[in-house]
Amino acid sequence: QVRLVESGGGLVQAGDSLVLSCEASGRIFEDQGMGWFRQTPGKEREVIAAISWNGLITVYADSVKGRFTISRDNAKSTVYLQMSSLKPEDTAVYSCAMARGPYTTLVARAYEYWGQGTQVTVSS
């Protein structure tokens with residue numbers, strides 16, 4: 001049973017930074033691509049960042065490129081999302097996800113497991 005547990009969300013002001021963490025268990029973490037999704041009420045969940053199994057390849061949605069950084073520590077089975085220059089429109093529930101294989105992709109259907117999510121609220 002794969003389990004993904006996010007932490008690090010909270011309430012911040014515009015321009016602030018925040019780091020999210022996601023610890024995985026139940027599958028060989030280092031074999032899988034990982035991603036971060038976000039979802040706001042009334043909108044579809046979107047993949048905003050993805051990282052390859054070895055951490056060498058990363059991709060970002062245009063909405064976060066240059067502000068967010070995804071990284072991973074395979075020894076800790078943890079993936080991170082460092083967020084900077086946060087904007088009110090970044091307010092969402094952020095979830096990490098594990099891909100079906102060693103993929104690095106922003107395509108949502110490539111992901112098989114998701115965590116429960118952590119709320120990030122950015123005030124103006």
Side-chain angles (χ1 to χ4, degrees):
Q1 184 80 11
V2 174
R3 188 163 182 249
L4 302 172
V5 180
E6 301 92 344
S7 60
L11 173 63
V12 297
Q13 293 187 330
D16 284 352
S17 299
L18 201 61
V19 179
L20 305 182
S21 301
C22 169
E23 185 172 359
S25 60
R27 178 173 279 191
I28 300 176
F29 178 77
E30 56 265 30
D31 288 349
Q32 316 300 326
M34 297 293 295
W36 282 96
F37 285 64
R38 68 182 181 187
Q39 187 170 24
T40 54
K43 291 187 177 181
E44 281 198 20
R45 186 168 49 185
E46 63 168 333
V47 189
I48 56 169
I51 189 166
S52 62
W53 64 276
N54 58 4
L56 295 182
I57 302 171
T58 56
V59 293
Y60 298 93
D62 288 344
S63 57
V64 304
K65 196 176 296 181
R67 299 188 298 122
F68 291 11
T69 302
I70 186 172
S71 61
R72 65 189 295 164
D73 184 339
N74 285 348
K76 296 181 179 179
S77 296
T78 300
V79 62
Y80 304 96
L81 186 68
Q82 183 168 356
M83 305 183 292
S84 61
S85 302
L86 283 162
K87 306 174 182 179
E89 51 264 44
D90 293 319
T91 296
V93 175
Y94 286 74
S95 305
C96 66
M98 182 177 284
R100 299 177 188 277
Y103 311 125
T104 311
T105 179
L106 298 180
V107 176
R109 65 177 180 273
Y111 292 86
E112 189 173 12
Y113 299 101
W114 291 265
Q116 291 293 319
T118 184
Q119 177 71 45
V120 173
T121 303
V122 185
S123 63
S124 57

Quiz item: Are Val93 and Leu18 connected in a single hydrophobic cluster, I mean Ile/Leu/Val/Met/Phe/Trp/Tyr linked by side-chain heavy atoms less than 4.5 Å apart?
Solution: no
Quiz item: Are Val5 and Leu20 connected in a single hydrophobic cluster, I mean Ile/Leu/Val/Met/Phe/Trp/Tyr linked by side-chain heavy atoms less than 4.5 Å apart?
Solution: no
Pairwise distance [atom1]([X]) to [atom2]([Y]) - rounded to 0.5 angstrom:
X	Y	atom1	atom2	value
Gln116	Ser95	CD	OG	8.0 Å
Trp53	Thr104	CH2	OG1	10.5 Å
Cys96	Tyr80	SG	OH	12.0 Å
Ile48	Gln39	CD1	CD	12.0 Å
Glu6	Gln119	CD	CD	12.0 Å
Gln32	Ser77	CD	OG	11.0 Å

Please report the shortest heavy-atom distance between [X] and [Y], naming the atom on each side.
X	Y	answer
Ala50	Ile70	O-CG2, 3.6 Å
Ser17	Ser85	OG-N, 4.4 Å
Gln82	Val19	CG-CG2, 4.0 Å
Met34	Val79	CE-CG1, 3.9 Å
Ala24	Leu4	CB-CD2, 3.4 Å
Thr91	Thr40	O-CG2, 2.9 Å

Quiz prompt | Other cluster members, Val47 - Ile/Leu/Val/Met/Phe/Trp/Tyr, side-chain contacts below 4.5 Å | solution = Phe37, Val59, Leu106, Tyr111, Trp114
Report yes if the side chains of [X] and [Y] come closer than 4.5 Å at any heavy-atom pair, otherwise no.
X	Y	value
Tyr103	Ile57	no
Lys87	Arg67	yes
Asp90	Arg38	yes
Lys76	Ser21	no
Ile51	Trp36	no

Quiz item: Under the 3.5 angstrom rule, does the side chain of Ser123 hit a backbone N or O of Val12 as a donor-acceptor pair?
Solution: yes
Quiz item: Quick check: does any side chain N or O of Arg72 sit under 3.5 Å from a backbone N or O of Ser52, one acting as donor and the other as acceptor?
Solution: yes
Self-check item: CZ/Arg100: more than 12 non-hydrogen atoms of other groups inside 6.0 Å
Solution: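 More than 12 within 6.0 Å, yes.
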Quiz prompt | With sequence neighbours excluded, residues passing salt bridge (Lys or Arg N to Asp or Glu O under 4.0 Å) with Glu30 | solution =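 Testing Glu30 for salt bridge (Lys or Arg N to Asp or Glu O under 4.0 Å), a comparison that skips the adjacent residues, returns none.
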Quiz item: Which residues satisfy the salt bridge (Lys or Arg N to Asp or Glu O under 4.0 Å) test with Lys65, sequence neighbours excluded?
Solution: Asp62
